[in-house]
Amino acid sequence: MPGATPRFWATPLKYCRWAARERPSLFWSCVIAGFGPLHLIVVPPVRRALGDYDAPQIPMTYPVPTTPRKKLTGYGDETE
């Protein structure tokens, strides 16, 4: 049957050529999405090779001073 849609599992390369011509948005979105898992493996070593390192972690606590605290007085204090 001429013009029939090729089946993917029977002839994958023929199907990819057909999809690239007949449904380019679907084909190229699948190709780009296929590179996502590859980036998880390739990008971190390349970043480190180029000198880009992860930022230091943000501290989750504030350091409390060990010195004695001053008695605060000022505006709004009723004790004078």
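- Val42 and Phe35 end up in the same hydrophobic cluster when Ile, Leu, Val, Met, Phe, Trp and Tyr side chains are linked at under 4.5 Å.
- Pairs engaging residues 12-22 under the salt bridge (Lys or Arg N to Asp or Glu O under 4.0 Å) rule: none recorded [sequence neighbours left out].
- A search for salt bridge (Lys or Arg N to Asp or Glu O under 4.0 Å) contacts involving Asp54 returns Arg47, Arg48, not counting sequence neighbours.
- Put simply, the side chain of Val46 does not reach to within 4.5 Å of the side chain of His39, judged on heavy atoms.
- Hydrophobic clustering of Ile, Leu, Val, Met, Phe, Trp and Tyr side chains at less than 4.5 Å, counting indirect connections, keeps Val64 apart from Met60.
- Taken together through direct or relayed side-chain contacts under 4.5 Å among Ile, Leu, Val, Met, Phe, Trp and Tyr, Leu38 and Val31 form part of one hydrophobic cluster.
- The two atoms that bring Phe27 and Ala19 nearest to each other are CB-O, 3.8 Å, heavy atoms only.
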